[in-house]
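Computed from heavy atoms alone, side chains included, the values below leave out hydrogens, waters and symmetry copies.
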Amino acid sequence: MLFNWLAIVAGAVCVSSHATHHVDDQEPFSQERLDELERKWGTDWGFSGISTFAHLPHTRCLTRPETTYDIAILGAPFDTSVTYRPGARFGPRAIRAGSSRQTSFRGFNTRANLNPYTSWATIVDCGDIPITPFDNKLALRQMSEAFLELGKRPSTEKSTESGVQYLKKPKLLTLGGDHSIALPALRALKEVYGHPIAVVHFDAHLDTWHPAKYPSAWIDPEDPSTQSFFNHGSMFWIAATEGLIANDSSVHAGLRTRLSGDEPEDYTDDSQQGWIRIATDDIDEIGVKGIITSIMNRVGTEMPVYLSIDIDVIDPGLAPGTGTPEPGGWTTRELIRILRGIEGMNVIGADIVEVSPAYDGSAETTGIAAAQIAYEVLTSMVRKGLIEQARTKVMTQGNKDEL
């Protein structure tokens, strides 16, 4: 018996030694050979390949600090702070699936005259934050630390050394997840940039409600440490109390929610937190251009902006896969037109949230709509970078001419 074991071990050592010897003797592949393999096998169709956003390269960025990027796609599969239908934890997966027909070889955006996937920006799908579904306090901590970890990373070397301020810090585009993920994102952005951030918020709902507006005899409404205060209808209220949102700078767009109680005091609270409101119905009076003008007059082109897009801003007849649907919303086309019109904003981070594929139809229209919205946001970020590069070049040349 002992002899048999010794024979097996000796054989294994022999095979291992032979395999190692083979690898050591193997000549490195030439660049020509590698290029040939890439040409033959390096392309995916919309229906093939591992599901990353727009077939972008995937790296688990949270565990690989050496990875650099200009824009990171990050999933936040979290939905345990919702007030109605859960399921948005599957949103990142659905949005990635919805983006499958987006590829670098067919990504040219005619309205912006650029392909966001082949322009100056290195865009990486950083995978998902592994968020606990059992403990919201821990989940909030995990998301806060993850956003801060990735937000503090340097951009690519080319962007960092470009001299263009907009390119020096990487941008995160987060795929939710329920809307509460905006709170940890804003916490991270305030620390990274050193000051409060303006928010442009597309949503059917305010999301600035005092948490005690959700009635319960089981909590102390005056205790801010109450865990249930962290929910997807109150995260901007918490952000305001923490000083994360710049005063009198932010705007809601697409509102059509019902309010608490018998008076419009929710609007009073909202105004006191520094917001202005654009209702869904306003588009019938002032049109898409009027909506765009109202937003741009509020935030301008210089103030750092967090762009937060709840998919329920779209009418549920067009995007049914969401947790708190409200009839009478904007069309997908109207929302995209508005997003294109505000591309001059200084967007330093963004999210697309509340996609719940369990309530979507077999055509996956909500996931596809969210993916298209992400594409438009990416296009605007990349175009802003090109504009800022051109502006910096002109300023630098002007300074040289003066000398």
Side-chain angles (χ1 to χ4, degrees), residues 44-58 60 71-103 107 117 123-133 139 143 146 172-182 185 202-205 232 254 307-326 329-333 335-336 339 350-378:
D44 272 315
W45 295 99
F47 51 82
S48 67
I50 302 300
S51 184
T52 67
F53 188 87
H55 300 274
L56 290 167
H58 166 255
R60 194 157 190 164
I71 303 173
I73 308 293
L74 181 66
F78 174 76
D79 66 1
T80 51
S81 71
V82 300
T83 57
Y84 191 45
R85 303 191 303 200
R89 69 181 65 181
F90 298 104
R93 184 183 298 176
I95 299 171
R96 287 186 175 104
S99 74
S100 61
R101 290 183 61 246
Q102 298 182 33
T103 61
Y117 302 125
I123 308 176
V124 176
D125 189 330
C126 284
D128 291 347
I129 308 170
I131 307 167
T132 179
M143 289 187 284
L172 302 184
L173 173 56
T174 307
L175 312 178
D178 73 48
H179 214 152
S180 65
I181 68 169
F202 288 89
D203 202 320
H205 310 93
H232 75 159
L307 177 60
S308 190
I309 305 169
D310 189 324
I311 202 68
D312 71 23
V313 72
I314 300 175
D315 188 88
L318 300 171
T322 191
T324 49
E326 302 285 356
W330 286 336
T331 66
T332 311
R333 181 172 62 87
L335 175 61
I336 289 172
L339 290 173
D351 66 44
I352 301 165
V353 297
E354 299 287 354
V355 173
S356 296
Y359 313 110
D360 211 355
S362 58
E364 302 175 341
T365 52
T366 310
I368 292 171
Q372 180 66 28
I373 290 165
Y375 170 72
E376 297 294 343
V377 173
L378 287 171

Drop me the distance from [X]'s [atom1] to [Y]'s [atom2], to the nearest 0.5 angstrom.
X	Y	atom1	atom2	value
Ser51	His58	OG	NE2	10.5 Å
Ile314	Thr331	CD1	OG1	8.0 Å
Ile352	Thr174	CD1	OG1	9.5 Å
Ile311	Ser356	CD1	OG	10.5 Å
Leu173	Ile123	CG	CD1	9.5 Å
Met143	Thr132	CE	OG1	10.5 Å

Can you name the salt bridge (Lys or Arg N to Asp or Glu O under 4.0 Å) partners of [X], sequence neighbours left out?
X	result
Asp79	Arg89
Asp125	Arg96
Glu326	Arg258

Suppose we screen for side-chain contact (heavy atoms from CB on, under 4.5 Å). Which residues come up paired with [X], at least two apart in sequence or across chains?
X	answer
Ile368	none
Tyr84	Thr324
Thr103	His55, Phe105, Arg106
Val313	Phe202, Trp330, Leu335

Is any side-chain heavy atom of [Y] closer than 4.5 Å to one of [X]?
X	Y	answer
Ile309	Asp203	no
Asp178	Val353	no
Thr52	Pro57	no
Arg60	Pro130	yes
Thr366	Pro320	yes
Val124	Phe53	no
Ile336	Gln372	yes
Leu74	Asp128	no

Apply side chain to side chain donor-acceptor pair (under 3.5 Å) to [X] and list each qualifying residue two or more places apart in sequence or on a separate chain.
X	result
Ser308	His179, Asp351
Thr365	Asp360
Tyr117	Gln102
His232	Thr83, Glu354

Which heavy atom of [X] sits nearest to which heavy atom of [Y], and what is that distance?
X	Y	result
Ala371	Ser99	CB-N, 3.5 Å
Val355	Pro357	O-CD, 3.5 Å
Gly176	Ile181	CA-CD1, 3.9 Å
Phe78	Ser180	CE2-OG, 3.2 Å

(message) Quick check against the 3.5 Å criterion: does Asp315 have a side-chain atom that pairs as donor or acceptor with the backbone of Gly317?
(response)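 Pair found, side chain donor or acceptor close to backbone of Gly317.
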(message) Is it the case that atom CZ in Arg93 sees more than 12 heavy atoms from other parts of the structure closer than 6.0 Å?
(response)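 No - once you tally the heavy atoms of other residues, nucleotides and ligands closer than 6.0 Å, there are 12 at most.
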(request) Test Asp312 against Thr322 for side chain to side chain donor-acceptor pair (under 3.5 Å), laying out the working first. (result) CA-CA 6 Å; Asp312 71 23; Thr322 191; 4.6 Å; no
